[in-house]
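To keep things clear, I will list the structure first and then write my remarks on it.
Note that the structure is a prediction, hence the values are computed from the model and not measured. Naming convention: chains lettered A, B, ... in sequence-line order (proteins, then strands); numbering from 1 in each chain.
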Amino acid sequence: MLKDTYCGDLRAADTGRTVRLAGWVHRRRDHGGLIFIDLRDSHGLVQAVFDPGNAAAHEVAHRARSEWVLAIEGTVQPRSPATVNRNIPTGEVEVIPTRCEVLAESETPPFYINEPVEVDETLRLKYRYLDLRRPDVARTIRLRHEVVRYIRDFLAGRGFVEVETPTLIKSTPEGARDFLVPSRMRPGHFFALPQSPQILKQLLMVAGFEKYFQIARCYRDEDFRANRVAEHTQLDLEMSFVDESDVMGLIEELYAGIAREFGPGPQSSPFPRLDYADCMARFGIDRPDLRYGLEFASIAEPLRSSSFQVFASALAAGGEIKAIRVPSKADMTRREIDELTEIARGGGAKGLATIGLLPGGEVRSPIAKFLTGGELRGVSTLAGAAEGDMLLIVADTREVVAASLHRVRDALGDRLGLKTPGVLSFAWVTGFPLLEWRPEEDRWDATHNPFSGFRPEDRELLDSDPGRVVARQYDLTLNGAEIGGGSVRISNRADQEKVLGLMKYTREQMQDRFGVVLDSLEFGAPPMGGVGMGIDRLLMSLAGTENIRDVIAFPKASSGLDPLMGAPSPVDVGQLDELGLRVVTDVEPV
RNA sequence: GGCCCCGUGGUGUAGCGGCCUAACAUGCCACCCUGUCAAGGUGGAGAUCGGCGGUUCGAAUCCGCUCGGGGUCGCCA
């Protein structure tokens, strides 16, 4: 090694030591005589002081520029009390070089490495190897390593076996779009990259491993979002001889531990458990942000016979009327109300009714003239409103009320500063329907995954009313994001075929797409259940970022392209020939 | 694919019809400077305003198209 000590590790206790350091010039302060260089390495930075007395070293320090790589041999000495820097961990000491060598010079970097300034993302990604030098960026990637190591240690300590599964598997057309890989051995045939190792881990259970996990890369060829990329990493896990509580208990212990080790701990422990229907009624979404309240109140009852047409017709059509009570915001500005109305419209609502209960009993509301005093009082009571509060109301179908008020609640969370950074608010959601109806395709479809089990007591409903069958499914949410989910699986062939049949698969299609699973269930499949947990989203919350690219070392841009490697790219005709492929370019008519 | 926002020296921003021969900060280069730590001082180089086309006597500024980026809806079993 060219170094025997990390810059960032030096402390007062190292005083008097002779050390060999190597790292990057973080910052240079040239006083003409004295030159200070902050030398940075993977552990942090330390100040080196070059005196003209050591002419050779001083000359190097004079020439050196930002991001040059230096090797320094010197002695650690305490700083005089007046020059101690309390702002950095190494601030009590400095290094007096006896020797200084340039290992590499550097161009001026295209953006600041020594200051946490927002830089254009394309530029950051193109020079990701420089971006990753920035301490804040690097810290997040290191955090990722620590969290994954914690997960591995935790699971290995409980008898789980980490098994790798293939990244070239069979394509299944349902669900997200697959990334395809052409086969040279069988031209015209394709592998797909896995959207998850779901089938393979179930086979591992049939194989008798009993406890499996993997830090698995998963691929989906869909458009990106702030918290969604084409390739994400999940903790994939499966257990045999378990029910819901076993898996949920294990994951809760793991995640509460992570929250304590790498953050302030979970906001509530044990994690709150919400029923899907209850959740939709109170928050309009199956992954509510529980860092704040602003729950919905149903205020339909007093309005049953209202003369206000909007309310009356919504109820007559079987819809709902719900309100969010915003404490002490009766004085909300016209502009704020207009913006929230626009947000509500985004969820399908035709408008947003507001009732401001001004102090003193006056009511500020464009719809007050349509409501009787009794109706207003009834609404206020149901919403739990007091003087000074503002009520935001949507009347429409159940779906529109949920979608619209969810957006309003989410926007209020941002605007009122209720999404406290750093707080880790976990919650389980259970009680999901197993199937949802796809009218345009005239069939049922799995709400989560086709292997999810169902409550035994709902068996009859599979024939009579499939939409009411409840899945043995559990999702874990964190601060309003779904960070994972899983289920107890179907573990016998008849039940699995029954469910696939409701999804309108023919015998042939079942055998073609799910034959492996179905066949395996005939050879002694244990009861099994597991989860797939999104590692990237978990890291986002732990690192306090809204951008998933921040937690990935080499991410794609939101366009799905890679500015660093320049991928994707055209390939040689020869490569295509071997694969039996020809590129057809669509030419737009001029 | 739809919609919204952004694109000005290396970086981050200002300018939003003539005052722009494009401003500020920082970075960069040179010199001065022995205790700074976002060192300080003096001087200097550096952008025709993403690209193309149009409107106008005149365009960084207005319009259209296009490219790139970010967000969002669709999509994501």
### Task
Taking atom C1' in both B/A45 and B/C62, compute the distance separating them and give it to the nearest angstrom.
34 Å

* Sticking with atom C1', work out how far B/U11 lies from B/U55, rounded to a whole angstrom. => 35 Å

pair_partner(B/C24), Watson-Crick or wobble, both distances < 3.5 Å, evaluates to B/G12

(Q) Mind checking if A/P450 touches a base, just sugar-phosphate, or nothing, with heavy atoms under 4.0 Å? (A) base

Looking only at B/C37, B/G12, B/U34, the nucleotide nearest the A/V119 side chain is B/G12

Could you walk me through whether A/D38 and A/R29 pass the salt bridge (Lys or Arg N to Asp or Glu O under 4.0 Å) check?
CA-CA 9 Å; A/D38 292 336; A/R29 294 175 293 280; 2.9 Å; yes

Notebook entry, point to check: When rounded to the nearest Å, what value does the distance between P atoms of B/C49 and B/A59 take?
Noted result: 12 Å

Classify A/R549 by what it touches in the nucleic acid, base, sugar-phosphate, or nothing, heavy-atom distance under 4.0 Å. sugar-phosphate

Does B/G70 have OP1 or OP2 under 4.0 Å away from a side-chain N or O of A/R225? no

- Message: Rounding to an integer number of angstrom, what distance separates B/U61 and B/A14 when you compare their C1' atoms?
- Response: 13 Å

*Heavy atoms under 4.0 Å, any strand shown: does A/R86 hit a base, just sugar-phosphate, or nothing?*
nothing

Do A/Q47 and A/N85 pair up side chain to side chain, a donor and an acceptor below 3.5 Å, judged on atom types alone? no

Strictly by modelled atom types, are A/S171 and A/D178 linked by a side-chain donor-acceptor pair under 3.5 Å?
yes

Ranking B/C33, B/U11, B/U72 by distance to the side chain of A/A226, first place goes to B/U72

For B/U48 and B/C20, measure between their C1' atoms and round to the nearest Å.
11 Å

To the nearest angstrom, the CD1-P distance between A/I35 and B/C32 comes to 12 Å

Side-chain donor-acceptor contact under 3.5 Å, A/T430 with A/E244: no

* Using a cut-off of 4.0 Å on non-hydrogen atoms, how would the nucleic acid contact of A/R177 be classed: base, sugar-phosphate, or nothing? -> nothing

- Item | Same-atom distance (C1') from B/A47 to B/G35, integer angstrom | 38 Å

message = Give me the distance, rounded to whole Å, that separates B/G54 from B/G15 when you measure between the P atoms they each carry.
response = 29 Å

Taking a pair to mean Watson-Crick or G-U wobble geometry with both distances below 3.5 Å, B/C3 pairs with B/G71

Picking from B/G74, B/G27, B/G68, the nucleotide nearest the side-chain atoms of A/R228 would be B/G74

Query - Ionic contact status for A/E482 with A/R537, cut-off 4.0 Å - result: no

- Any stacking of A/F36 on B/U36, going by centres under 5.5 angstrom and planes within less than 30 degrees? yes

Inset, instruction - Identify whether the distance between the nearest side-chain nitrogen and carboxylate oxygen of A/D396 and A/K350 falls below 4.0 Å. - result: yes

Atom CD1 of A/I343 and atom P of B/C4 are separated, to the nearest Å, by 17 Å

query = Stacking between A/H31 and the base of B/A39 (centre distance under 5.5 Å, interplanar angle under 30°)?
reply = yes

Requested in this report: Using the C1' atoms only, state how far B/U36 lies from B/A23, rounded to an integer number of Å.
Outcome: 31 Å

task = Report yes if a side-chain nitrogen or oxygen of A/R65 is closer than 4.0 Å to either non-bridging phosphate oxygen (OP1 or OP2) of B/C29; otherwise report no.
result = yes

